[in-house]
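Here's the structure, in structure tokens; my notes come after.
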Amino acid sequence: MSDCLACWEGHEGKSAWSVAVSDHGVVATGGGDGGIHLWRLDSIVAGSTDSEQDTKDIDLPDILTYFPEASPNKKEFVRDFVITSKGQSVYATNTGYLLKHDDENDIWSTLYHAPCLINYASLEASPCGSIVVAGALAGKLVIACVKNQFEPLIVETRGGIKIQFVFVFNGASEKDYMIAVFRANCTVGVFQLDISETTATASCRHLCDLRLPNNNKAIHAANYSPSYNLVLLGSRDGTVLVYNLADITPTHQESEDTQVLESIVELKKCHGTDSVSSILLVTEQGEGYEGKDRINVYTTGRDGSWTKYRFLGLPGGETLGATSASADEDSGNQSGEDSDSDIEMEVETPGTPNMAGDRESGSGIVLQKIFRSKITKGWLEQIFIMDGELLLLGFFNKKLFVYNESKHFEIFSMHSGAANRRRWRFLTNNARLEHTRLMFYSGYKIRSFSRELTAGSELFQSAKLQNNFHGREVRHLRFMSEAQPLVENAPAPIIVASGGEDCRLRMFQYIPYKTKNSCTALRPLCNLKPHLGAAIRCLEWSYTNEAHSYLLFTGGAIESMRAWNVTLSIPNSYQVEQIEDHTGAKVPEHTPLSLGCLELAQCPHVSENLETRIMDLSVFKVQGEPRKHFIASVYSDAAIRLWLFDQDTNSFVLAVDASYHDKCILQVGHAKIGDGVMMFTAATDGRIVVWDLTPSLTRFLEVYNAVENKPVQPHRSYSGKNKEKVKKEYTQSLDGPLAEIYVHQSGVNSLFVQNLIGGTVLAVSGGDDNAMAVTKVETKWSAEQQAITVMSLETIAKDQDAHSSAIQAVAMINSSEIVSTSQDQMVSLWRLDWSEQGHASLHKQETQFVHVPDPSTMDVLSSKEESGKHSVAIAGIGIQIFEIK
């Protein structure tokens, strides 16, 4: 059997249903997720090479050409090397020479000779390639410029301690550089190099030392942000440390005493107990909430994963509580924890013990963890962002590879031996690796590889013709019905959230109009996998008092319920444009928005059974409590629970815990009656039960609000079951049901509750028995008793054969029209006709075929701009949206 030449990844789930190959070497694939991708066959050849055939050895020139005093038998070899540009490299030799090599013309020249570098050198180059810095055994720094802009410097680092690693960063200007050194005694020093603009001189001064935790672990990664004057360090034990150089006092700069800075943020176990191998800080100007900067931090580790964080609280950046973590489409299109292309969404918090979470400094600066992605069973060594695409360099089975995380394929690979961080160097110019340099040790030799892609052999700028949907069945979707326009004269954005068996939470923006060059579309905004093995079965929106800020609650397998903060934003300079649709009419453009999704908290588990599932949710708020969100949830073990999510404390509190049904409860809904709340539950026995939540809510709020100074919980997420024990000090019982009625012969798969005038409530239900029923509840609200009374409960209309198979979803678009869908892949529009005696009958008005296999969920959104227009979204294995006018 021949070896596999390439493995392309990009489809959600496990199914790629079709493939086609053109004569020009283009491969098109279509998957069960609805995505269509393009690939190039010649990218396999361009991206894979063999070290023996495509590399050349780097041999030092004769020692006498640059060291005439050396004896003929003097042993000379390379101690360290760096790549400064695509055609130039610098070498530190055993005799203390820094040699510059013109790789294109094979010309050697002496950059500097420093006796302190004899027998040892730790070499590093600046990102721009102009400066090289060598650390010596005696603790000295040798600084040279490959462009000869100044005479080389030798700098004392105070202490004479061996310098193990050197990190060089570009400063605030072209003549300014920052240097961080890690010494053998586990201390870190920071130096600033200034190059004179008028004379060929440079100066280097010691700014401070950075205090490390008392664990004596080496620093393997560092980064510097000139915009925010921050230094970020990554240690061998997986810790990320952040230091603010603005804390350096002027008196220490003038004195000979060394100021030692404390870290303002300390994140432990970012990569478990494995080393942090690289750190990258990227600022997206004006892309954050309310036009603020979005400041992202990326790390890679020897655990084979990379993580993404966001700074909150930096000057000009997003702030905690007014922003959210964006989950980009390019960053979250993977699946599975133990495969080679995994992502698990983690958002963790300041001060969380025993977890790699966020940490908050006394100045209010927070480093918020967004997500973690494991892509290899080997380890990752470096991360790049080029041309808007995320590239990862790593090693596996003695093979160096570059993985395009944004497009999900291996773009380059080479057999290169071991992956010691001082035994290889890599340089490239763009995301397609058109001009690539790689140098590495192979035994006692240095091998060099360079690649120049010719026209036509480069990879596609865009390899995706159609975006993916879910990789498996979608179980629930909901429109954001209360979304408000983000800018004047713009239509309200149409946002739909969906969750399914692939454990993913996805959000899309629906573009409802067609143009001459485009059709209606779902624009992906968010693709998250909260944690593994927990399918999302239900989700519901709630709304906050903050502009364009919403809450989303999701529930599903392993009794998992989570709260998310979803924010919508656009660039401040955006102006609404009028575009021409396919009919020639002018319509306002739907705002191309950015969506942020931040996990706030996970609900504690109550059941000891891992198989318990949350089957449905219904969310509401009560009068006078704008920051308290109540979530009615029903469970597969027949439990009924009412949870409070308190925005002020960022926590779930169990308000009501009860049981009544003997069977699995499938559906829950609610209706507001006066100042009270009425709840409906429906189970697999075909029974609908009506409850008055008002007395239990009143008792709960009296006890809960009486407690002052409740602890505020940090934002956190869990990679599995929440092991936090539920607290029941506020929990109330649920009074007996107001009424109940058997409507279906078996399970009630769908339930829609609609308020009418005068205390009348309609409950439309669809079941496994193919029937659809409308149940009317006449109620009365007593302000004196603060209670709801059910005056009558009856099924006023029922169609025993509404569909030819089990009904999966029903919804009312107004008081007299109902939409239903079923496993028969039909969607039907019904009219509810009322008689003078108060009875009603169902009449089917129209039926359409649904092109989505196994439809399982549906939602309806009524247009705010056009009266009588409704969007009906149906999802299963795919999604389809109908318009009703």
Side-chain angles (χ1 to χ4, degrees), residues 116 120-124 126 131 133-143 153-172 176-194 202-268 270 275-276 278-279 281 297 299 359 361-363 365 367 421:
C116 62
Y120 179 82
S122 178
L123 193 62
E124 192 55 75
S126 63
I131 306 298
V133 181
L137 192 65
K140 296 181 180 180
L141 288 178
V142 179
I143 305 173
L153 298 175
I154 297 181
V155 180
E156 297 284 348
T157 64
R158 295 185 182 179
I161 307 299
K162 172 186 173 181
I163 296 176
Q164 283 192 293
F165 302 126
V166 178
F167 307 96
V168 186
F169 316 105
N170 294 335
D176 181 23
Y177 297 88
M178 300 295 290
I179 302 169
V181 299
F182 176 74
R183 308 182 186 99
N185 63 347
C186 294
T187 60
V188 175
V190 179
F191 300 80
Q192 184 172 10
L193 175 67
D194 295 308
S203 61
C204 184
R205 58 195 179 101
H206 185 187
L207 295 180
C208 65
D209 275 6
L210 307 179
R211 190 182 305 280
L212 301 179
N214 297 323
N215 52 13
N216 296 323
K217 298 296 183 181
I219 297 298
H220 284 178
N223 194 274
Y224 171 69
S225 169
S227 300
Y228 302 99
N229 211 14
L230 299 178
V231 172
L232 293 84
L233 303 179
S235 74
R236 186 177 179 181
D237 66 347
T239 299
V240 171
L241 302 162
V242 182
Y243 300 84
N244 190 354
L245 298 190
D247 293 339
I248 300 175
T249 58
T251 55
H252 276 93
Q253 295 187 43
E254 301 297 332
S255 68
E256 296 184 358
D257 296 333
T258 301
Q259 183 177 358
V260 180
L261 294 185
E262 302 285 347
S263 62
I264 61 171
V265 176
E266 179 181 346
L267 291 139
K268 297 181 179 179
C270 295
S275 171
V276 178
S278 69
I279 300 178
L281 189 146
V297 176
T299 68
R359 288 302 299 271
S361 68
S363 59
I365 297 175
L367 193 57
R421 72 181 306 273

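Scope of the values below: all heavy atoms of this structure, side chains included, with no hydrogens, waters or symmetry mates. All figures in this text were calculated on a predicted structure; none of them were measured in a lab. We're numbering straight along the sequence, starting at 1.
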By side chain to side chain donor-acceptor pair (under 3.5 Å), which residues pair with [X], not counting sequence neighbours?
{"X": "Ser275", "answer": "His220"}
{"X": "Asp176", "answer": "Gln192"}
{"X": "Asn229", "answer": "Tyr224"}

Side-chain heavy atoms of [X] within contact of [Y], under 4.5 Å:
{"X": "Ile131", "Y": "Ile179", "value": "no"}
{"X": "Phe165", "Y": "Val181", "value": "no"}
{"X": "Cys116", "Y": "Val142", "value": "yes"}

Under the criterion side chain to side chain contact (heavy atoms under 4.5 Å, CB included), which of Val231, Thr249, Leu245 is the partner of Cys208?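 It is Leu245, the one option of Val231, Thr249, Leu245 that forms the side chain to side chain contact (heavy atoms under 4.5 Å, CB included) with Cys208.
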Could you please spell out the steps behind the side chain to side chain contact (heavy atoms under 4.5 Å, CB included) verdict for Ile143 and Tyr177? CA-CA 11 Å; Ile143 305 173; Tyr177 297 88; over 6 Å; no
Yes or no on side chain to side chain contact (heavy atoms under 4.5 Å, CB included) for Leu212 and Leu233, after CA distance, side-chain angles and deciding distance? CA-CA 10 Å; Leu212 301 179; Leu233 303 179; 4.0 Å; yes
How would you list, by chain and number, every residue that makes a salt bridge (charged side-chain N to carboxylate O under 4.0 Å, His left out) with Arg183, sequence neighbours excluded?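 By the salt bridge (charged side-chain N to carboxylate O under 4.0 Å, His left out) rule, Arg183 matches Asp209.
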The side chain to side chain contact (heavy atoms under 4.5 Å, CB included) partners of Asp247 (sequence neighbours excluded) come to Asn244, Leu261, Ile264
Sorted by chain and number, sequence neighbours left out, side chain to side chain contact (heavy atoms under 4.5 Å, CB included) with Ala138 holds for none
Has Ser126 got a side-chain atom pairing as donor or acceptor with Val168's backbone, closer than 3.5 angstrom? no
Has Ser225 got a side-chain atom pairing as donor or acceptor with Leu230's backbone, closer than 3.5 angstrom?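 Not a single qualifying donor-acceptor pair exists.
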Under the side chain to side chain contact (heavy atoms under 4.5 Å, CB included) criterion, do Leu207 and Met178 qualify, and how do the steps go? CA-CA 10 Å; Leu207 295 180; Met178 300 295 290; 3.4 Å; yes
From Thr187 OG1 over to Ile161 CD1, what is the distance, rounded to the nearest 0.5 angstrom? 7.0 Å
